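Beneath this line is the structure, given in structure tokens, with notes to follow.
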Amino acid sequence: MLIDLRSDTVTKPSKEMLEAMFNAEVGDDVFGEDPTINALELKAANLFGMESALYCPSGTQTNQIGIKLHTRPGDEVICESTSHVYRFEGGGISFNSGSSIRLINGEYGKIMASQIEAEINPDDIHTPRTSLVSLENTTNKGGGSCYDFKEIEAIAQVCKSNNLKLHLDGARLFNALVETNETPKDYGNVFDSISICLSKGLGAPVGSLLLGSKDFIKEGKRYRKLMGGAMRQAGFLAAAGIYALDNNLDRLKEDHKKAKQLETVLEKLDYVKMVFPVSTNICIFELKHGLTSKDFVKRISEKGIKVIAFGPQLIRLVTHLDFTDEMLDQTINTLKDIS
Ligand SMILES: *Cc1c(COP(=O)(O)O)cnc(C)c1O
């Protein structure tokens, strides 16, 4: 039994999802004629109470299109120093948007309204024009942490009073939503744009959605084309997204429960120091006694478990819908055996 905990992107479509894909009605989406993509975009827009949505191949692309549309070259984007848009999108903000980036060191990948306010440049010809704040929820590098929605509302207020746009990298937003009391519409209310991934915890093989106003998405379609992301009969893939939104949201709680169970075991292990509290489906821990993450990744992979190094001593495990109870037991036993 091979156990893959490197990411929640490793899931494969279930039989039922494949069935939905197989039966999809498709057309050429560049002509706007793919009924399944149109249905997915409409469904997502309605879910978030936003005007429009755009289906893209990846979350990198939805984030990059969002940031591009909210900025002009020479502007400045405020984000947390470990955020995906800055660290893991190949330098996309500078490449695609020509914007500079103002980093804030947050807690578990989250930043506060007061910190943002202090980093907004004055209206002065010497300074880059601050035009966008980009948040991440849940945070990836921050260990799957969720924002308190009150803080998000305070941030939205700061953005409004300073004429800044607010973007959300919500690759794992649904993981936050099942742990908190907010609805997608609450998020749709406060953000100018939201990116969500269908190919992470939701289990679709491909796809992300960018949400925003009608005009914003119309312009987004232009950049999706420019970036090479306009697809043709991709309704087969969009059908997986519709299936995921209909069936795989509530079950994210199961992934969180398993991550918590892993945390409980890890906390008691001699060679582990928990540095991030587990709040959703991500478990990040530090290795002690000079054990390097490179050695650990190798030793655990020899026992059939794949994990990734998140730093010289840091390991990340991500639970997901293909991680069964049986796999959880085996992982727990293996973690106990390694020392
Ligand atoms: C996975 C992820 C993305 C998007 O990644 P793609 O692989 O391009 O779909 C964006 N933000 C965060 C926080 C992520 O974890």
Side-chain angles (χ1 to χ4, degrees), residues 4-13 40 44 53-68 77 79-93 95-97 101 103 106 108-111 132-147 152 166-177 179 187 191 193-211 220 223-224 227-229 231 234 237-238 240-241 244 252 255-256 259 276 278-284 307-308 310 314 316-321:
D4 198 341
L5 293 169
R6 287 172 301 169
S7 176
D8 44 9
T9 55
V10 300
T11 58
K12 291 177 187 160
L40 172 63
L54 186 66
Y55 183 60
C56 291
S58 72
T60 296
Q61 189 164 83
T62 44
N63 279 331
Q64 291 300 320
I65 291 173
I67 294 166
K68 171 70 194 165
V77 178
C79 64
E80 207 274 336
S81 57
T82 61
S83 53
H84 195 281
V85 294
Y86 172 63
R87 294 243 188 155
F88 301 117
E89 298 188 4
I93 295 181
F95 186 88
N96 296 305
S97 302
I101 303 162
L103 297 175
Y108 304 128
K110 298 177 292 187
I111 49 180
L132 175 67
V133 174
S134 181
L135 304 180
E136 188 171 308
N137 197 22
T138 67
T139 63
N140 176 7
K141 269 275 187 182
S145 189
C146 308
Y147 267 92
I152 290 183
L166 183 58
H167 173 75
L168 176 67
D169 176 357
R172 296 189 182 84
L173 178 59
F174 290 105
N175 293 85
L177 288 171
E179 290 299 327
Y187 277 78
F191 283 94
S193 56
I194 298 177
S195 157
I196 57 166
C197 285
L198 302 163
S199 64
K200 297 243 159 106
L202 303 195
V206 176
S208 289
L209 287 155
L210 180 64
L211 298 133
Y223 280 101
R224 183 184 65 176
M227 290 174 177
M231 299 182 283
L237 298 169
L252 289 169
D255 301 341
H256 298 181
F276 294 87
V278 170
S279 24
T280 52
N281 68 329
I282 299 177
C283 245
I284 297 178
V307 303
I308 61 169
F310 236 38
L314 280 187
R316 186 187 76 169
L317 313 179
V318 187
T319 59
H320 51 73
L321 87 174

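Model, not experiment: these values are computed from the prediction. All ligand and atom numbering here is 1-based and tracks the order in the structure.
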>> Please work out, at 4.0 Å between heavy atoms, whether the side chain, the backbone, both, or neither of Val85 comes within that distance of ligand 1.
In response: neither

> Between Asn137, Asn140, Asn63, which is the residue that forms a side-chain hydrogen bond (donor to acceptor under 3.5 Å, both in side chains) with Asp169?
Replying inline: Asn63

>> Can you confirm whether the side chains of His167 and Ser193 place a donor and an acceptor under 3.5 Å from each other?
In response: yes

>> When you compare the side chains of Glu136 and His84, does any donor N or O come within less than 3.5 Å of an acceptor on the partner?
In response: no

>> Among all the protein's non-hydrogen atoms, which is closest to atom 9 (O) of ligand 1, and how far away is it?
In response: Gly59 N, 2.8 Å

> How far is atom 7 (O) of ligand 1 from its nearest protein heavy atom, and which residue and atom name does that atom have?
Replying inline: Thr60 OG1, 4.5 Å

>> Please check: side-chain N/O of Thr11 versus main-chain N/O of Leu321, any donor-acceptor pairing under 3.5 Å?
In response: no

> What is the ring orientation for Phe191 with Tyr187, classed by angle as parallel under 30°, tilted 30 to 60°, or perpendicular over 60°?
Replying inline: parallel

> To which protein heavy atom is atom 11 (N) of ligand 1 closest, and what is the distance rounded to 0.1 Å?
Replying inline: Asp169 OD2, 2.6 Å

>> Quick check on contacts: which atoms of ligand 1 are under 4.0 angstrom from a heavy atom of Ser58?
In response: 8 (O), 9 (O)

> To the nearest 0.5 Å, how far apart are CG in Leu202 and CZ in Arg172?
Replying inline: 10.5 Å

>> Can you tell me which portion of Lys200 lies within the under-4.0 Å heavy-atom range of ligand 1? Options are side chain, backbone, both, or neither.
In response: side chain

> Hey, is ligand 1 close enough to Thr138 that some N/O pair sits below 3.5 Å?
Replying inline: no

>> Using 0.5 Å steps for rounding, measure from the CD1 atom of Ile65 to the CG atom of Leu210.
In response: 6.5 Å

> Are any of the heavy atoms in Arg172 under 4.0 Å away from ligand 1?
Replying inline: yes

>> Side chain or backbone, does Glu136 bring an N or O within less than 3.5 Å of an N or O on ligand 1?
In response: no

> Considering all protein heavy atoms, does one lie under 4.0 Å from atom 15 (O) of ligand 1?
Replying inline: yes

